[in-house]
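What you see below is based on every heavy atom in this structure, not just the backbone, and it leaves out hydrogens, waters and symmetry mates. Just so we're clear, the structure is a prediction, and the values are computed from it rather than from any experiment.
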Amino acid sequence: MAKLDRGTVGTRYATALLALAKERGNAAETLDELRELAQVFAAQPDLGQILTDNRLSLQEKQPILAELKKPFSEQTQTLLQMVYDYKRMVDMPDIVKAYEHLYDADQHIIEAHVTSVVPLTADQQTALKQALAARFGAKTVYLHLHQDPALIGGVVVRVHDTVLDGSMARRLADIRAALTAAS
């Protein structure tokens, strides 16, 4: 039997967790807890591997797992125990990421990474949020704003795997390519 990749594992656990959390009416609270958990794993990058591999005995792992579970709800504690029991703690960051994506899709939330030459005004941000909400069918749009003078003008927007490039740098590159192809 083929080994599942981490993204698939993350999506499977996250799908089940979101269904349970929605049934219990605590999907948003679960997201908050998972984000806290992600911070723990980010601060201790080897934690998942340590709790998955054989470098520590079961007796050495149990107190670490108990401490990890302590601040969380019973639901999240059960998730952690199950992921540990199935030797998938190394996949915990992927489970969190998948839950975030599934939650956002369920709630019609998008996060857009917007790069412009100069900071966008409040009016421009509002207009961009409205346009992105309409294009992607979102109820809520969060903008992550960045500046890059290399764009020359315009904006580049990335939402998940979609890139909307309205920059002058892109337009100039298109013109250059068309002129080169015509010669």
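The shortest non-hydrogen separation linking S57 to E60 is N-OE1, 2.7 Å. Nearest heavy atoms, K70 versus E67: NZ-OE1, 3.1 Å. Closest approach of P93 and M89 over heavy atoms only: CD-O, 4.2 Å. Closest heavy-atom contact between S167 and V156: CB-CG2, 3.9 Å. Residue D53 comes nearest to I50 through the heavy atom pair OD1-O, 3.5 Å, listed as atom of the first residue, atom of the second, then distance. Taking every heavy atom of both residues into account, E29 and N26 meet most closely at OE1-CA, 3.0 Å.
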T15/L102 under side-chain contact (heavy atoms from CB on, under 4.5 Å): CA gap, chis, key distance, verdict: CA-CA 7 Å; T15 300; L102 291 170; 3.4 Å; yes
Verdict with supporting geometry, L143 and K129, side-chain contact (heavy atoms from CB on, under 4.5 Å): CA-CA 8 Å; L143 299 180; K129 283 181 181 182; 3.8 Å; yes
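L47 contributes atom CG, which lies 9.0 Å from atom CG of L65 (distance to the nearest 0.5 angstrom). Interatomic distance, NZ of K61 versus CZ of R55, reported as 9.0 Å (0.5 Å rounding). Residue F41 holds its CZ atom at 11.5 Å from CG of D46, rounded to the nearest 0.5 Å. Here R176 contributes atom CZ and R171 contributes atom CZ; the two are 15.0 Å apart, rounded to the nearest 0.5 Å. Taking CG of L151 as the reference point, atom NE2 of H146 lies at 11.5 Å (rounded to 0.5 Å). How far CG of L51 is from OH of Y84: 7.0 Å, rounded to the nearest 0.5 Å.
Contact annotation: the side chain of Y103 approaches that of I109 to within less than 4.5 Å [non-hydrogen atoms, C-beta and beyond]. Here the side chains of L120 and V114 are in contact, with some heavy-atom distance below 4.5 Å. Side-chain atoms of V141 and F136, non-hydrogen and from C-beta on, never get closer than 4.5 Å to each other. Side-chain contact check for I110 versus D104: every heavy-atom pair is 4.5 Å or farther apart. Two residues are said to be in side-chain contact when any heavy atoms from C-beta on lie closer than 4.5 Å; L80 and T78 fail this criterion. For the pair L34 and M92, the minimum side-chain heavy-atom distance is below 4.5 Å. Under the 4.5 Å side-chain criterion, counting only non-hydrogen atoms from C-beta, L20 is not in contact with T30.
With hydrogens and angles left out, the side-chain atoms of Q49 and T52 include no donor and acceptor closer than 3.5 Å. Between the side chains of E33 and S73, at least one donor-acceptor pair of N or O atoms lies under 3.5 Å. Side chains of Q107 and T140: no donor on one and acceptor on the other come within 3.5 Å.
Around the CZ atom of R135, the shell of radius 6.0 Å holds no more than 12 heavy atoms that belong to other residues, nucleotides or ligands. Enclosure of atom CD in Q62 by more than 12 non-hydrogen atoms of other residues, nucleotides or ligands within 6.0 angstrom is indicated.
In the hydrophobic clustering of this structure, V157 groups with L145; members are Ile, Leu, Val, Met, Phe, Trp, Tyr whose side-chain heavy atoms approach within less than 4.5 Å, directly or through other members. Y142 and V163 sit in two unconnected hydrophobic clusters of ILVMFWY residues. Membership requires side-chain heavy atoms under 4.5 Å apart, directly or through other members. V118 and L128 fall into different hydrophobic clusters, where Ile, Leu, Val, Met, Phe, Trp and Tyr side chains are chained together by heavy-atom contacts under 4.5 Å. Grouping the Ile, Leu, Val, Met, Phe, Trp and Tyr side chains by contacts below 4.5 angstrom, directly or via other members, places V9 with V96. Under the 4.5 Å side-chain heavy-atom criterion for grouping Ile, Leu, Val, Met, Phe, Trp and Tyr, L68 is connected to M82 within one hydrophobic cluster.
R35 and E100 are joined by a salt bridge, as a carboxylate oxygen and a charged side-chain nitrogen come within less than 4.0 angstrom of each other.
Side-chain atoms of Y99 come within 3.5 Å of backbone N or O of A27 as a donor-acceptor pair.
Annotation: side chain to side chain donor-acceptor pair (under 3.5 Å) contacts of Q124 (sequence neighbours excluded): T121.
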